Visitor: 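Submitted below is the structure of interest, expressed as structure tokens.
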Amino acid sequence: MSVFGNGALGRVVRSGVGRRRVQTLVIAVATMMAVASAVVAGSLMVAAAAPFDHAFGRQRGAHITAQFDPAKASAAQLAGTGNLDGVTASAGPYPSTAFRPVDRTGFQMPTLTLVGRSGPDGDVDRVELKSGRWAQKPGEIVLGASFEGPSFEIGSSLRTSDTANAPTLSIVGFAVSASRTADAWAVPEQVDALAAQGSPVTSQMLYRFDSAGTARQILADRAKLAAAVGPGAMLGTQSWLDTKRAADQGAAATVPFVMAFGVLGIVMSVIIVSSVISGAVGTSLRRIGILKAIGFTPREVVRAYVAQALIPAGAGIAVGVVLGNVLAVPLLSDTESVYGTVSLSVAWWVDIAVPAAALLVVALAALVPALRAGRLHTVEAIAVGRAPRTGRGQWAHRALGRLPLPRPVTYGLATPFTHPVRALAMLLAVAFGTVAATFAVGLTSSLSAVGSSQDPESRAAVTVTTVRLNSMAPPPPPPVAGEAPSPSPASSTATTSRPKVADPAKVRAAIKSVAGLKSYYGKLQTDVAVAGVSGSVQASLYEGDSRAGSYDMLSGHWITSRGQVVVPSRFLERTSTKVGDTVRLTYEKESADLRIVGETFDTSGNELEIHADMADFPSARPDTFLVDVDSGVSADEYAQKVAALVQPLGGDATTVPPADQKGVILIMDAMAVLLTLMLVSVAGLGVLNSVVLDTRERVHDLGVCKAIGMSPRQTVSLVLASVAAIGVIGGLLGVPVGYLLHRLVMPVMGRAVGTSMPASVIDVYGPGQLLLLGLGGVVLAMLGALVPASWAARTRTATALRTE
Amino acid sequence: MNQVIELEGVSKRYDSAGTPALGPLTLSIAQGEALAVTGPSGSGKSTLLNLIAGLDKPTDGAVIVAGRRIDQLSEHALAKFRREYIGMAFQFFNLLDDLTVIDNIQLPAQLTGTSRRAAATRAHELMEMLGIQKHARAYPGRLSGGERQRVGVARALINRPALLLADEPTGALDTASGHDVRDLLVDLHRGGQSIVLVTHDLALAEACASRTIHLVDGHLALDTYARAVR
């Protein structure tokens, strides 16, 4: 204890810390929670800020991934391109091919790019193994980490195609390439072996350039490569800027959200820690007077009281850093599983900056009242608590005493006016807690609305298909930002053998024949050509009234008749069209000019799905029917009855499982819940501390009240009433601020992923919900006051009366 | 004669290993009696008062006040009991500084659920009786010691308690104020109020009490009856 000066000072500090156990605990716990939430928020902010850039830099990602025709450019010629002016590093050539593997259960996956590499390292694109090992011999394959799951595990196998004699590959590892240079890797001999079976092979070269920061520079670099190998040798290139843009779309959404929580957490931590510490010092004035009377100098008093705050705060900070790291890891792990690029550890400087800032805040918060205590005249300080209190709050007691409420309640209601600064700190704690809760509720509701808007089909009770469900492809692997979209289950009809397809007319008849049908519509997901757009575009064609399966609209309306098409914002941007314009769509050999009548809310990343009426394409037939049943009718029973009718025809029926939410939504939900719980807990501790201080100060008065007949229940109601008004006002302030914060952050999040937000995503609060959130402020205040209230009720009256 | 207080073999230990702070003590106090409890510091006077008020519980024995055995009551029941049967006046008044004089006086009545009007009427009646009517809207901090003690007594009497307990009621007062309070207690006793008065002041005990007990080290050393209250 020599750090506190002489032995007497050390003893004063130790006894002060030990004597006020509740306050010591509150300081420690409040600081711990504040630091833990700041570490979590800080680490997530760092992780969410630039996950792609970090991983790209670490892996020395490829600025350009180029595919060459091996027949037109030799390996030596390609290797020579690494010496071109401006190229700082190159790797390859690697043999590359595309294949559609079939897993052990017979499901065929989407087309994957397989690259032959003898190892994950190199001058460019140092692929990170997430689990398992690299392929060492033919017959082994490493898959992209996004495929890891129950269907694909290390040790399981897949066939290279759906042909009967296709070779089998054993999965030996899962890896991540930030540059997305491949979906799978094998040894070069394996790629050559696939080539021998007819798969076309190209040569992949990976380059890093000294200037590759802009699309113009990338184009110039690409031109150099094309010129070096001669005409027709370069088959295609992929720019790191496109990969980055796609990857950042997912990560960017989390930044405004984490920023909002981070700022909330930091502001609230400062308020709570300051009020806790200053309250602790403020209630010790009499003790300070006694210390000075027996010879302590003002400086020693200041040191003693700053130290008394720093000891529990230091312990809280240490535990908070550990807790923050422990809590951040699973969230970072979730982020990592989505982006495959994030470090699992909290940034080192977060672990240093947060505790340093917290110590500074605590020291400053303690210093101000400690200096005031140090300056106090000894007699003045000793007199504190002995002389009758005059002035502050008496008018409130007089006014509130007239309210037609039980006397303990009116007495309690007037209490905050005795300590306006303390009451203000408590009010801010409750208000910030309510802001956090309101924002979190709005955010999770919005994310839930986004989730359900992603899959309108899930609104139907029963799905009836024209093929057997187990002959359809499995769901695509988890979405990976920057990855090419996978075919959806409904559109993928790839099977190991050609399935029997039921006649849609007979399926329709079966649906109508089963009792309990409310409504249904038919749907075909297919590819169409759009004039002016290169490649194919995914389209959903609807038969019947499809309003039940409509997307949320940003503008215009859902298709109501033939001749109309509904498109996502990205389609409008890419085709430079607007709602009201006409586009030509071609399905198979049928073309139709359709008017754009609406803009859908589409969060599916880089997919470009449009929606039209099937009647515009006479040859189109639905392959899926989405059915709603009457209320009171069991969807399972209905589906079983329809299945019994359509299965002999080759079709199937099943109830629609709830839509799974996307990884990024789950991450944000988890973060919102965790950060809110922490912020609300810190707010509750702030209230607890203030009420503990108040109750301790008033323990003698409470003893008097109990002596003259106040029951324990009335004592509890008095203490709880002392925070009720603060809870109400905190709720009234916190709810609108949380509401406005939500309205501010959601559109920013939307812009980050390249879409506007429809009203259904923004207007998520109902009046009842807002009222409940407002009451949440009262509940928060009450919960914080409950412990000291019970303590006040339990305190022995005789003891309380003896307390000065 | 009805007994307002009966203590049967009551003892109180604060430290399980040490000697009892009080008792064992057996004592009865009759309705309308004014009992003065005297004795040196640490003799158990305040402990006895706390046990009778139900502010503390005996280690052994039974405490019966106004016909109810209070040592077995819950905290809630004790609080209700105190409101109804006991009024307390303290050495340092124990008034609530935030409340005006009338609000302090009314408080016990309001805790019992007495209507605002009835409580105010009774408070004014007591203030008039005790001569503090003009201070009704003042705060305790502005009153003299004697006036504050009168407010304390008025508060103690608001619910017309069967028993008034006074703990060193003149201990913090100057001589003149002490005499005022003494006269007040005498008047109350004459009016039939049962009183237990803890005091160091033998003159006060002699003036106010119809009976005096003297405690030494927690035991009853003397129990004397006065012929008549002066």
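In what follows, every chain begins at residue 1, and chains take the letters A, B, ... in the order their sequences are listed. All figures in this text were calculated on a predicted structure; none of them were measured in a lab.
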Visitor: Can you say whether B/F92 sits under 4.5 Å from chain A via the side chain, the backbone, both, or neither, judging by heavy atoms?
Guide: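 Neither part.
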Visitor: Atom CD1 of A/I708 and atom CG of B/L96: how far apart are they, to the nearest 0.5 Å?
Guide: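 Separation between the atoms: 6.5 Å.
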Visitor: Side chain, backbone, both or neither: which part of B/R142 has an atom under 4.5 Å from a heavy atom of chain A?
Guide: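 Neither; nothing under 4.5 Å.
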Visitor: Tell me, do A/M710 and B/P108 make a side-chain contact under 4.5 Å, heavy atoms counted?
Guide: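 No, side chains not in contact.
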Visitor: NE2/A/H700 to CG/B/D97 distance, rounded to the nearest 0.5 angstrom?
Guide: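 Interatomic distance, A/H700 NE2 to B/D97 CG, rounded to 0.5 Å: 9.5 Å.
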Visitor: If I measure from the heavy atoms of chain A, does B/N94 come under 4.5 Å with its side chain, its backbone, both, or neither?
Guide: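 For B/N94, heavy atoms of backbone and side chain both lie under 4.5 Å from chain A.
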Visitor: Within a radius of less than 6.0 Å around CZ of B/R116, do more than 12 heavy atoms belonging to other residues, nucleotides or ligands occur?
Guide: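 Check passes, neighbour count above 12.
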Visitor: Mind checking the CZ-CG spacing from A/R402 to B/D103? Nearest 0.5 Å is all I need.
Guide: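 So the gap between those two atoms works out to 8.5 Å.
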Visitor: I need the residue from A/R794, A/R398, A/R713 with the largest number of non-hydrogen atom pairs under 4.5 Å to chain B.
Guide: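 Highest number of pairs under 4.5 Å: A/R398.
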Visitor: Using side-chain contact (heavy atoms from CB on, under 4.5 Å), reason through A/Y411 and B/Q110 one step at a time and then give a plain yes or no.
Guide: CA-CA 11 Å; A/Y411 192 91; B/Q110 290 172 324; over 6 Å; no
Visitor: Please rank B/R155, B/Q106, B/K80 by heavy-atom pairs under 4.5 Å with chain A and give me the top one.
Guide: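 The option with the most such pairs is B/R155.
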Visitor: Just verifying a value: how many Å separate A/Q394 CD and B/T100 OG1, rounded to the nearest 0.5 Å?
Guide: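 It comes to 9.0 Å.
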Visitor: Counting only heavy atoms closer than 4.5 Å, note whether B/R137 contacts chain A via side chain, backbone, both or neither.
Guide: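 No part of B/R137 comes within 4.5 Å of chain A.
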Visitor: To check you understand the geometry: which heavy-atom pair defines the closest contact between B/Y139 and A/W395, and what is its length?
Guide: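 Taking every non-hydrogen atom into account, OH-N, 4.2 Å.
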Visitor: Quick test of your reading of the model: are B/D98 and A/R698 salt-bridged, counting only N-O distances below 4.0 Å?
Guide: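 Result for this pair is yes, salt bridge flagged.
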Visitor: In plain terms, say whether A/R796 and B/D56 are close enough for a salt bridge, that is, a side-chain N and a carboxylate O under 4.0 Å apart.
Guide: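 Here A/R796 pairs with B/D56 in a salt bridge, since their nearest N and O are under 4.0 Å apart.
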Visitor: CD/A/Q714 to OG1/B/T112 distance, rounded to the nearest 0.5 angstrom?
Guide: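 If we round to the nearest 0.5 Å, A/Q714:CD and B/T112:OG1 are 9.0 Å apart.
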Visitor: Write down the atom of B/L55, the atom of A/A707, and the distance for their closest heavy-atom approach.
Guide: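 For B/L55 versus A/A707, the nearest heavy atoms are CD2-CA, 4.0 Å.
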Visitor: For A/P408 and B/L111, which heavy atoms make the closest approach, and how far apart are they?
Guide: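 Minimum heavy-atom contact is CG-CD2, 3.7 Å.
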Visitor: Find the distance between CD (B/E75) and NZ (A/K706) and round it off to the nearest 0.5 Å.
Guide: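 Between atom CD of B/E75 and atom NZ of A/K706 there are 6.0 Å.
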Visitor: Looking only at heavy atoms, what is the nearest atom pair of B/A79 and A/S711, with distance?
Guide: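 Nearest pair, atom of B/A79 first, then A/S711: CB-CA, 3.3 Å.
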Visitor: Is atom CG of B/D187 surrounded by more than 12 heavy atoms (other residues, nucleotides or ligands) closer than 6.0 Å?
Guide: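 Check passes, neighbour count above 12.
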